[in-house]
Trainee: 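Dumping the structure here so I can ask a few things about it.
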There are 2 protein chains.
Amino acid sequence: MNNERPYAEALSRLRTASLRPTRQRLALCKLLFDAGDRHVTAEALHSEALAADVRVSLATIYNTLHQFTEAGLLREVVVESGKTYFDTNTSDHHHFYVEDECRLVDIDGGQVKVQGLPDAPAGAEISRVDVVVRVRSAGD
Amino acid sequence: MNNERPYAEALSRLRTASLRPTRQRLALCKLLFDAGDRHVTAEALHSEALAADVRVSLATIYNTLHQFTEAGLLREVVVESGKTYFDTNTSDHHHFYVEDECRLVDIDGGQVKVQGLPDAPAGAEISRVDVVVRVRSAGD
DNA sequence: AAATATCTTAGAACCATTCTAAGATATTGA
DNA sequence: TCAATATCTTAGAATGGTTCTAAGATATTT
Ligand SMILES: [Mn+2]
Ligand SMILES: [Mn+2]
Ligand SMILES: [Zn+2]
Ligand SMILES: [Zn+2]
C-alpha cells in the first residue's frame with residue numbers, strides 16, 4: 001500500500017515521536033511496522049537491516065528501539081533473562097512464549113480476564129498486568 | 001526450631017535433590033529456606049553468605065541455585081532483562097513487581113484465575129502461566 | 001585407606017546492552 | 001540560502017550478569 005510515497009507513514013510516525021527523520025530511523029520504521037505485528041530483538045533487527053542493505057550500527061538500533069518505546073510506538077516484553085523483545089503491538093494483550101524456539105505469539109487482550117488479584121502493595125499503583133503463558137513445542 | 005540439629009532440614013533437602021551435603025550447600029540451604037518465602041538474586045545471596053561468614057564463590061552460588069531449581073526446590077522468575085530472581089516459594093503463585101525497588105511480592109495462586117486463554121499454538125503444551133503485575137511506588 | 005565420583009573455585013570468557021566522544025546530519029532563522 | 005545550533009550516528013570501549021575452564025579439594029564407595 002502507498003507505493004508512491006513509501007516513507008509517508010514512517011515520516012508521520014517519527015513526527016509523532018518528535019524524532020528527526022534520519023535515513024536510519026526511516027528504514028527501521030519500515031522494517032518494524034510494514035509487516036504486521038512483530039516481536040524483535042535488537043540483534044535480530046540489526047541483522048535484518050544489514051540484510052536489507054540498510055547500513056546502521058547496533059548502537060543506533062538500541063537507541064531507536066528505546067526512543068520508539070518511550071514514544072509509545074513499541075512495547076518491551078521480558079520473558080527470559082538477558083533477552084529483550086520489542087513488540088510492535090502496543091495494544092493491551094498477552095503472550096505465549098514458545099520456550100524452545102524463543103518465540104512470542106500474541107494473545108488478544110480482549111478475551112483474557114485476570115480475576116482475583118489482590119490490591120497492590122500499600123502506596124503502589126498498577127502500571128501493567130503481563131500474562132506470559134510458557135509453552136513447549138511437542139517435539140522434545 | 002530444631003536448634004539441636006540445625007542442619008537436619010538442609011540435609012534432607014539435599015538428599016531429596018541427590019546433591020552431596022557440602023559445607024557450601026548446607027549453608028546456602030539455611031540462608032535460602034530458614035527465613036520464609038524469598039526472592040533472591042545470585043549476587044544478593046552471595047553478599048548475604050559473605051556477611052554470614054560463609055565462604056563461597058559466586059560460581060558456586062550460581063551452580064547451587066540452578067541445581068536447586070532443577071530439583072524443584074526453587075523457581076526462576078524473570079521480570080526484568082538481565083536479572084534473574086530465584087524464588088523459594090515453589091507453589092503455584094504470581095507476583096507483584098515493584099519496579100522502582102526491583103522487589104517481588106507474592107500473589108497467592110489460589111485466588112487468581114486467568115480466564116479466556118486461547119489454546120496453545122499447534123503442537124505446543126502449556127508448561128506454566130505467569131502473571132506479573134508491575135507496580136510503581138507512590139513516591140515518584 | 002585407596003579409588004572414584006563429585007564439587008568448589010579463581011579467573012577468563014561471554015554476550016547483551018550501554019556509554020563515550022568525535023564526526024555527520026538535520027533544523028532553524030537571519 | 002547559509003551559517004549557527006541542535007540532534008543524531010557510530011566505532012570501540014566499558015559494563016554487568018552469567019557461564020566456562022581446568023585444577024585442586026572434598027565426599028562417597030569399595
Ligand atoms: Mn530498556
Ligand atoms: Mn538459568
Ligand atoms: Zn505482542
Ligand atoms: Zn514468589
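No hydrogens, no waters, no symmetry mates; every other heavy atom, side chains included, goes into these values. This one's a predicted model, so the numbers in the text were calculated from it and none came from an experiment.
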Trainee: Considering only heavy atoms from C-beta outward, does the side chain of A:Thr84 approach that of A:Thr41 to under 4.5 Å?
Mentor: no

Trainee: With salt bridge (Lys or Arg N to Asp or Glu O under 4.0 Å) as the criterion, how do A:Arg134 and B:Asp130 come out once you've worked through the C-alpha distance, each side chain's angles and the decisive distance to 0.1 Å?
Mentor: CA-CA 8 Å; A:Arg134 283 161 213 284; B:Asp130 288 335; 2.8 Å; yes

Trainee: Between A:Glu43 and A:Lys83, is the salt bridge (Lys or Arg N to Asp or Glu O under 4.0 Å) condition met? List the steps.
Mentor: CA-CA 10 Å; A:Glu43 284 286 359; A:Lys83 199 179 269 179; over 6 Å; no

Trainee: Out of the candidates A:Leu73, A:Leu45, A:Thr64, only one should pair with A:Leu32 under the side-chain contact (heavy atoms from CB on, under 4.5 Å) rule; please name it.
Mentor: A:Leu45

Trainee: Whole-Å distance between C:dT18 P and B:Lys83 NZ?
Mentor: 13 Å

Trainee: Grab the CD-P distance between B:Glu70 and D:dT19 for me, whole Å please.
Mentor: 12 Å

Trainee: Please determine which of B:Asp37, B:Asp108, B:Asp106 meets the side-chain hydrogen bond (donor to acceptor under 3.5 Å, both in side chains) test together with B:His93.
Mentor: B:Asp106

Trainee: Between B:Glu80 (CD) and D:dG16 (P), how many Å, whole number?
Mentor: 14 Å

Trainee: Does anything in residues 23-49 of chain A pair up under ring-ring contact (aromatic ring centres under 6.0 Å, His included), and if so which pairs, sequence neighbours excluded?
Mentor: A:His39-A:His95

Trainee: When you check the phosphate oxygens OP1 and OP2 of D:dT18, does a side-chain N or O of B:His66 lie under 4.0 Å from one of them?
Mentor: no

Trainee: Return the residues of residues 43-63 of chain B meeting this criterion: a heavy atom under 4.0 Å from some atom of DNA chain C. Order them by number, or give none.
Mentor: B:Arg55, B:Val56, B:Ser57, B:Ala59, B:Thr60, B:Asn63

Trainee: Give, for atom OG1 of A:Thr60 and atom CZ of A:Arg55, the distance between the pair rounded to the nearest 0.5 Å.
Mentor: 13.5 Å

Trainee: Give the rounded distance in Å between these two atoms: CG of A:Leu65 and P of D:dT9.
Mentor: 12 Å

Trainee: Write down the atom of A:Lys30, the atom of A:Tyr7, and the distance for their closest heavy-atom approach.
Mentor: CD-CE2, 3.3 Å

Trainee: Measure OH/A:Tyr85 against P/C:dA16 and give the value in whole Å, please.
Mentor: 11 Å

Trainee: What string of B, S and - do you get for nucleotides 22-30 of chain D, 5' to 3', if B is base contact, S is sugar-phosphate-only contact and - is no contact with any protein heavy atom under 4.0 Å?
Mentor: -----BS--

Trainee: Within the pair A:Thr41 and C:dA16, is there a side-chain N or O less than 4.0 Å away from OP1 or OP2?
Mentor: no

